Amino acid sequence: MVTYALIGVLAGGILALLFAFFKTHWISKQVVSDAKLEEIGGFISEGAMAFMTREYMVLTPFILLVGVFLFFGNSGALRWQSAAFVLGAVASATAGFIGMRVATAANMRTTQAASDHGLNAALQVAFAGGSVMGMSVVGLALVGLFVVLFAAVSAFGVDEGVLNDIILPLGTAFSLGASAIALFSRVGGGIFTKAADVAADLVGKVEAGIPEDDPRNPATIADNVGDNVGDVAGMGADLFESYVGSIIGAMILGMAVDAPLEVKIRLMVLPLLVAAIGVIASVLGTLFVRTKAGANPQRALNIGTFGAAGLAVAFILILLFFWIGDVTLTGGAGRFHLFGAIITGLMAGVIIGQITEYFTGTDKGPVNSIVKSSESGSATTIISGVSVGMKSTFPTVVVIAAAIFFGHLLAGLYGVAIAAVGMLVTLGIQLAVDAYGPIADNAGGLAEMSGFPHAVREITDKLDAVGNTTAAIGKGFAIGSAALTAIILFASFRDLSGAGVVEITDSRVLIGILLGSVIPFLFSSLAMSAVGKAAFEMIAEVRRQFREIPGILTGEETPDYRRCVDISTRSALKEMMLPGLIAILSPVLVGFVGGPAMLMGLLAGVTITGVGLAIFMSNSGGAWDNAKKMIESTGSGRSSEAHKAAVVGDTVGDPFKDTAGPSLNILIKIMSMVALVIAPMLKTFWG
């Protein structure tokens, strides 16, 4: 039974990878006929690949070191955790590498398509590039999980003890490897992109008075490279580990249900099958993404996303009839209860996306309030943006809490776990829509730098405006899934570590909660500080080039783009290590010094404050960004004092929404995942 189910999971993964392969081939066939466009697009691709190559070279010794620790820190079959960990890291890194390589090929082809054929053709290329990222993530995740689980089942069998003590811990190690890559990709990519973005805005727009994507701006290539390493590779790695983490957490809780072994196995495998079903729905959903001249591309993307969700609902109901059948769990939960829990997660994700769109979207009340505040200066712009971000935390957390409540009401803790899987069931197309954003943004920059007619820039701006919203919605999905995933991993740790019932008034638990509650602030401080340091060096370099090479501003000389890319790369790789080590080492230190109870307190504290802080920072940054774009869209917007204030607000918001905020999603999950991996060691250590 398990073997046949795993083969179905493999089929889903292969389908996703084949889809990504054919889309990659289609993109490569799109001709770039403008020589200037191809040259500048080549600069962006070269910079992006150079950064990723150097980043992975830096991370390789760390991944191998953790693999060695897992090998010698375990005994017997659990030593295979080291191999699973390395495989998870390689799968996550490969997904990011593929996605970014195709994104940097799709950006210039989007610009060319906008020039040659109009809006729909440009949308198709940009969305195709995003879909390669989305399908690579889900495909490599499912194939990687298949390899780990199938090998373990073949070697050790499927009795209850083996499943709990060997097979599921191996899956957890795979997820931890993905989480490690995700954390450093998010932090490193975020530092890279925001250092360049801040410099391009402050020196280019405010001081020199030139457009953001003007080829005279030395930081503009680094800024466009950053869009890819931060928002394509970084977001892809982020959601890769969310996807794997939610599946593994649900599998662990499936085995913890009070039921006969056959039922437990069915519940354990169900998350994998739901994910495979989601691949089919996502592939079909991409076929609905079409638009025409004058139409809003957002509508086309929404049709694809909601179409995929609707198909997933129908497919999952059929799956439950065949896989769960008439089985009734303790408490009376059956297939319809499980179906309700999955739909709860799916609906929660959609609602969180809509809330995020409201608080960050153009022409919406919150962003309009920031636009109005910009008329009275930078201080009121920042105050208004902070207020919007803080306000947005309440409805988002209410939706997350409702998903937990109804998931638990329907099927206990397993209901919460399967709701988390449901939230990410159509990740293939969700991530495609999200990765479409930076491709469209790059396309607009390339149109500007290559001297295309204004009509082309109007098309790419229309795509980019939608991309801003899809990026914010993607971050909302990531935060919501992070909260649910962290909670199910938290519950799984309790079972695997033997901690049992934990008394909240226990001094060790309280100490853990207090320590956990401040780690997101420490982590965010380090990430923000890193952006500030890198931006300072980048600003100094841009000013130097303007001062020492006066021909840049007159268009007679070419800026030294590579120097700016190198500054961002060096700063990102240097500054990403400390925040990453805090996330990985703090659960280990607290677990072995204070015990499982203190570690549970730590996980509770970091989840509670991390979720709220992530929502606040991501939505504040998104609102500031779109407020700036709204002012720029007016006739005299770029030359007004309100625009200067909005640029300052956006500059503050950049590290909020693209560095610290989204990195917190991974922080709270990786700490739970580390705790899960060391749970058997803690159980032995503390007796």
Side-chain angles (χ1 to χ4, degrees), residues 34-48 50-51 107-108 111 191-227 378 441-454 456-457 460-461 531-572 628-629 631-632 635-648 650-652 654:
D34 187 278
K36 184 69 171 176
L37 173 63
E38 188 170 20
E39 178 189 16
I40 297 176
F43 287 149
I44 295 173
S45 178
E46 176 189 324
F51 171 78
N107 54 10
M108 65 182 93
T111 306
I191 294 169
F192 184 108
T193 183
K194 292 306 108 182
D197 200 0
V198 167
D201 277 356
L202 290 183
V203 185
K205 285 185 178 181
V206 177
E207 294 182 10
I210 59 178
E212 180 177 3
D213 294 310
D214 195 299
R216 294 172 293 174
N217 192 330
T220 191
I221 293 294
D223 187 10
N224 282 278
V225 169
D227 289 337
S378 302
D441 188 8
N442 267 205
L446 286 166
E448 180 86 29
M449 289 184 280
S450 304
F452 275 76
H454 184 66
V456 175
R457 185 62 198 252
T460 59
D461 279 351
V531 171
K533 292 175 184 176
F536 179 83
E537 189 176 353
M538 182 74 77
I539 287 170
E541 172 61 21
V542 174
R543 286 173 175 165
R544 182 195 68 78
Q545 291 195 33
F546 282 156
R547 183 177 63 252
E548 297 180 6
I549 315 174
I552 289 177
L553 288 175
T554 61
E556 297 170 350
E557 296 184 77
T558 302
D560 186 354
Y561 299 126
R562 286 187 175 88
R563 173 65 181 159
C564 291
V565 171
D566 185 62
I567 288 172
S568 269
T569 300
R570 284 189 290 103
S571 298
K628 178 197 69 174
K629 281 182 165 53
I631 293 174
E632 288 177 345
S636 59
R638 291 180 185 270
S639 60
S640 66
E641 291 301 314
H643 179 245
K644 291 182 179 179
V647 169
V648 173
D650 181 40
T651 303
V652 174
D654 275 339

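No experiment lies behind these values; they were computed from the predicted model shown.
For the residue pair Thr651 and Val647, the shortest heavy atom distance occurs at OG1-O, 2.7 Å. Across every non-hydrogen atom of Ser571 and Ala534, the tightest pair is CB-CB, 3.4 Å. Shown here for Ser450 and Leu37, the closest heavy-atom pair between the two residues is OG-CA, 3.3 Å. Residues Pro218 and Val542 come closest through the heavy atom pair CD-CG1, 3.8 Å. Nearest heavy atoms, Ile631 versus Ala642: CD1-O, 3.8 Å. Residues Val456 and Ala447 come closest through the heavy atom pair CG1-CB, 4.1 Å.
Residue Gln545 holds its CD atom at 13.5 Å from CZ of Arg543, rounded to the nearest 0.5 Å. Atoms NZ and NE2, from Lys629 and His643 in turn, are 9.5 Å apart once rounded to the nearest 0.5 Å. With rounding to the nearest 0.5 Å, the separation of NZ in Lys36 from CG in Leu446 is 11.0 Å. Ile552 CD1 to Asp560 CG: the interatomic distance, rounded to the nearest 0.5 Å, is 8.5 Å. Rounding to the nearest 0.5 Å places CZ of Arg570 at 5.0 Å from CD of Glu537. The distance from the CD1 atom of Ile539 to the CZ atom of Arg544 is 15.0 Å, given to the nearest 0.5 Å.
Checked by atom type and distance alone, the side chain of Thr569 pairs as donor or acceptor with a backbone atom of Val565 at under 3.5 Å.
Val225 has its side chain out of reach of Phe43: every pair of non-hydrogen atoms, C-beta onward, lies at least 4.5 Å apart. You'll find the side chain of Cys564 reaches within 4.5 Å of the side chain of Glu541, heavy atoms only. Met449 has its side chain within reach of Ile221: a pair of non-hydrogen atoms, C-beta onward, lies under 4.5 Å apart. A 4.5 Å side-chain heavy-atom check between Phe452 and Thr460 finds every atom pair outside the cut-off. Put simply, the side chain of Met538 reaches to within 4.5 Å of the side chain of Ser568, judged on heavy atoms.
Look at Asp566 and Arg562 and you find no salt bridge, because none of the NZ, NE, NH1 or NH2 atoms lies under 4.0 Å from a carboxylate O.
Shown are Asn224, Thr111, Asp223; of these, the side chain to side chain donor-acceptor pair (under 3.5 Å) with Asn442 is made only by Asn224.
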